[in-house]
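Written out below as structure tokens is the structure these notes cover.
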Amino acid sequence: MSKSLRLAALATLAMLPAAASLAADHAAPGGHAPVTGMPQLAFGHPEQGGYLVGQVIWLLVIFGVLYVLMAKLALPRLAGVLEVRRNRIEGDLEAARIAKQSADAAMTQHRTATARARAEAQASIAAAVTQAQDELATKTEAMNAKLAQQIDAAERQITAARDAALGALRQVSADTAEAVVARIAGGADRGAIDAAVDRELAARGHA
Amino acid sequence: MAAEGKINALHQFELTPSLGALGEAVHFSQSTLFMLIAVGLITLLMVAGAAKGAIVPGRLQALAESAYGFIHDMVVAQIGDEGKRYFPFVFSLFMFVLFGNMLGMIPYAFTFTSHIAVTFTLAAVVIVLVTVVGLVIHGTHFFSYFLPEGAPPALAPVIIPIEIISYLSRPISLSVRLFANMVAGHVMLMVFATFVVMIGGMGVVGYIGATLPLALNVALVGFEFLVAFLQAYVFAILTSIYLHDAVHLH
């Protein structure tokens, strides 16, 4: 559309010299009275005067037509185009503002969610650590108690075994001494021997 | 003209009939033809520029929009928001004068703004409109415009005639400024162009000598484009200022 209009405008411009020369050619054969002074002021000249007055009347008509074309046709259309663009730009700016607001809100939400998640994670880590330490302490305690119990039992066993061993030692010593004495002396006093063994054992620290 | 060895720089402003016998009958001159061409081009530019209504404008639309924005901003800046009512008028005036001046820069084209009858008619339309606007808005209070506020009443017999003369001289200065600028530019172009032909006709020395007026003419053409735009702008902004006075009374 605009291309053809542009062509039309160019064609109009190209026709200007032709139009002018046509006008000049038409004027030439007339051979009117020469115009003296400025042709613009030759109101008294037989031809020029008429054209000067005609020019004014044509001007009023043509300028009136231009005003109506501009005021009723061209300028309202252009104003509409400019209005549409202004509305479009304002709408786009408003949409951009709303999008920015929602982006800001999402960003804030994201930040709080991250902070909350971090706090939760740290809390659960701390709880897990405490729980593990508690469990470890309990287990250690139980193990210690069990070990202490086993040590006690073992010690008691050792004491019993030693006592038993010591008791047997006295018996064996007395029996051996009685047999030896009986062989040598041909009979033995069991009471004297027990007393002697007790004395000897006491002397050696095994009472 | 140059062939006769005489410089007739004013011949270019003579009105000749267009459109044959019919044109002759209704006094349709080449000046009127170029007014029609200007209106056609302006309408073409503004209607074609708005036709697509693209959000991202093309070249033609950008041109139409910048013309719209340029004059709209000027009118609002000069008159205020009430001035938007007069925007189509100022816009038509600016574009008509601008296209008249610019079409005149095309070789063989006629510059209708080089006619005082045209510029004075436009200026008269402006001053009549300004006066009507002032009377409609302010009623008889409009005449207080001719006695500035705070002026001593004793000086009224002096100030009022001066203000009235200054008011009435507005259309004259408005029209003569545009007319004189366009005439002077085109006369200078014609004079230097004639020099080029005259000096160029003197043989080899002439070819070298003719380069000076030719170079001058090249520079003048550029300058005339500036003047063509500037005078249209001056016409439009003075119209806006006068409208401001009528709307706001100083």
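Atom set for the values below is all heavy atoms of this structure, side chains included, hydrogens, waters and symmetry mates excluded.
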What closest approach, in Å, do B/V47 and A/A74 show between heavy atoms, and which atom pair accounts for it? CG2-CB, 4.1 Å

Within the structure provided, determine whether A/L59 and B/F96 are in side-chain contact (heavy-atom separation under 4.5 Å). yes

Main-chain N/O of B/E14 paired to A/Q48 side chain as donor or acceptor, under 3.5 Å: no

Rounded to the nearest 0.5 Å, how far does CE of A/M70 lie from CZ of B/F87? 10.0 Å

Are side-chain heavy atoms of A/Y51 and B/T16 found at a separation under 4.5 Å? no

Between chain B and each of A/Q55, A/M38, A/R77, A/K72, count heavy-atom pairs under 4.5 Å; write down the option with the most. A/Q55

Which atom pair, heavy atoms only, marks the closest approach of B/S92 to A/Y67? OG-CA, 3.6 Å

Okay, B/A54 and chain A: the region with an atom under 4.5 Å from a heavy atom over there is backbone

Per-residue contact mode, B/V183 against chain A (heavy atom under 4.5 angstrom): side chain

Return the CD to OG1 distance between A/Q40 and B/T119, rounded to the nearest 0.5 Å. 9.5 Å

Okay, B/F120 and chain A: the region with an atom under 4.5 Å from a heavy atom over there is neither

Under 4.5 Å from a heavy atom of chain A, the part of B/F89 involved: both

Heavy-atom count around B/F223 CZ within 6.0 Å, excluding the residue itself: above 12? no

Side chain proximity check, A/L73 to B/M46, heavy atoms < 4.5 angstrom: no

Name the region of A/I57, side chain, backbone, both or neither, that has any atom closer than 4.5 Å to a heavy atom of chain B. neither

Chain B contact via A/L69 - side chain, backbone, both or neither, heavy atoms under 4.5 Å: side chain

Taking C-beta and beyond as the side chain, do B/L10 and A/P39 meet within less than 4.5 Å on heavy atoms? yes

Would a 4.5 Å heavy-atom cut-off, applied to side chains only, mark A/W58 and B/L36 as touching? no

Region of B/L93 that comes under 4.5 Å of a non-hydrogen atom in chain A: both

Please output the residues of residues 81-117 of chain A in contact with chain B, using a heavy-atom cutoff of under 4.5 Å, in numerical order. A/V81, A/L82, A/V84, A/R85, A/R88

